*Asks:* 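One structure, pasted below without further comment.
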Amino acid sequence: MLGATNLMRSHTQTSHIRLKRTFVVVTVAREKFITPGPKKDTKKQKKIKFDPTDELWKSDINLNEDITKALGGVALLEKERKSGDPFKQRAYENAIYIITSYPARIISGAEAKKLQGIGSSIANKIDEILKTGTCESLKEKQEDAELFETFSQVFGVGPVAAKRFVDKGYKSISDLANDPDLTDMQRLGIKYVDDFKLMIPKVEAQGLIHYVQDVLKELSPAYIGIACDGHRRELSETNSLYMAITHPNYTSSPSTDPGRLLLDLTDALTDLGFLTDHISSGILKYWVRWESIEGSTI
DNA sequence: GCGACACCGCATAACT
DNA sequence: AGTTATGCGA
DNA sequence: GTCGC
């Protein structure tokens, strides 16, 4: 939460809106969420540390594209196989990023291993890539990895579900629609798979924000609703929209909060026909899909 | 060799 | 029925 | 997966 004022600290809600094609997400931030955590101290490093701001690392072209490409494939396979261990995944991404930025041709795994972020496992793979041009494991499972990536694009489908779909033999997103075990969120994700990829131009998002703010004002003039995230950062377009809403009398307490702050708003927006599909809904979080109203200027 | 690598709310499944 | 675990998004 | 203890 940016600029956590006293107001934000005691009571906060976020609303995420996406349009035309649109989605609204509303969350109430808890005190814990905006409390800055402890800083970790960095230690000495004997390995060569990657610093993207250093002139030394400024490389316009990737001199090791064969390596990073193969590693990218291996990373995807690992993700598919292990249903996405986030730490392993990050380790691969980090290594690929470093090698891509490396301003010289890598001629051995040992050379790469000197870099902080590249250990023996990736060093060995680099040797294999340099020797054979690829990794053995890549050849057989390439298609699975690609399908895994495709299915992962669906909102509500994570590594576990994506892997399940691959194992079931599905070949396209349209195949997923018939799966008997889809969650509601996944059904919506399939329905709006293209929709979710659309960006919301700034001007359009502003209209949405004002619309929500007007509805909020009508509920109670004391309500406060402000845009966050991409809008706050003045981006020309965003792929989603968040709002934080609150009220002077509101305090976020899971045990006592009846959730009315959020529900009053979403009920009103639903009655107006503004909200359509409800992705999820709770006391602290409310996600919905919404359509622009026919003839409306927003 | 072994834990850290950020955290949390919600929906749903898997428990008891 | 209530409780805990898992998957997911961000 | 890599790193640091």
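Reckoned from all heavy atoms, side chains included, excluding hydrogens, waters and symmetry mates. Every chain is numbered from 1, with letters handed out A, B, ... down the list of sequences. Values in this document were obtained by computation on a predicted structure and should not be read as measured data.
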*Asks:* Please tell me which of the listed nucleotides, dC10(B), dC5(B), dG7(C), lies nearest to the side chain of F87(A)?
*Replies:* dC5(B)
*Asks:* For P86(A), report the nucleic acid contact type (base, sugar-phosphate, nothing); a contact means any heavy atom under 4.0 Å.
*Replies:* nothing
*Asks:* NA contact type, E78(A), heavy-atom cut-off 4.0 Å: base, sugar-phosphate, or nothing?
*Replies:* sugar-phosphate
*Asks:* Salt bridge or not between D144(A) and K163(A)? Use side-chain N to carboxylate O under 4.0 Å.
*Replies:* no
*Asks:* Return the nearest nucleotide to the side chain of D184(A); candidates are dA11(B), dG7(C), dT12(B).
*Replies:* dT12(B)
*Asks:* Among dT2(D), dG1(D), dC10(B), find the nucleotide with the atom closest to the side chain of S120(A).
*Replies:* dT2(D)
*Asks:* Are the aromatic rings of Y211(A) and F274(A) close, with centres under 6.0 Å apart?
*Replies:* yes
*Asks:* Kindly point out which of dT2(D), dA11(B), dC8(C) is positioned nearest to the side chain of V160(A)?
*Replies:* dC8(C)
*Asks:* Using atom P in both nucleotides, what's the gap between dC7(B) and dA11(B) to the nearest angstrom?
*Replies:* 23 Å
*Asks:* Mind checking the P distance from dG4(D) to dA6(B)? Whole angstroms is fine.
*Replies:* 15 Å
*Asks:* Looking at the side chain of R90(A), which of dA6(B), dT2(D), dC8(C) is the nearest nucleotide?
*Replies:* dA6(B)
*Asks:* Give I96(A) one of three labels, base, sugar-phosphate or nothing, depending on what nucleic acid heavy atoms sit under 4.0 Å from its own.
*Replies:* nothing
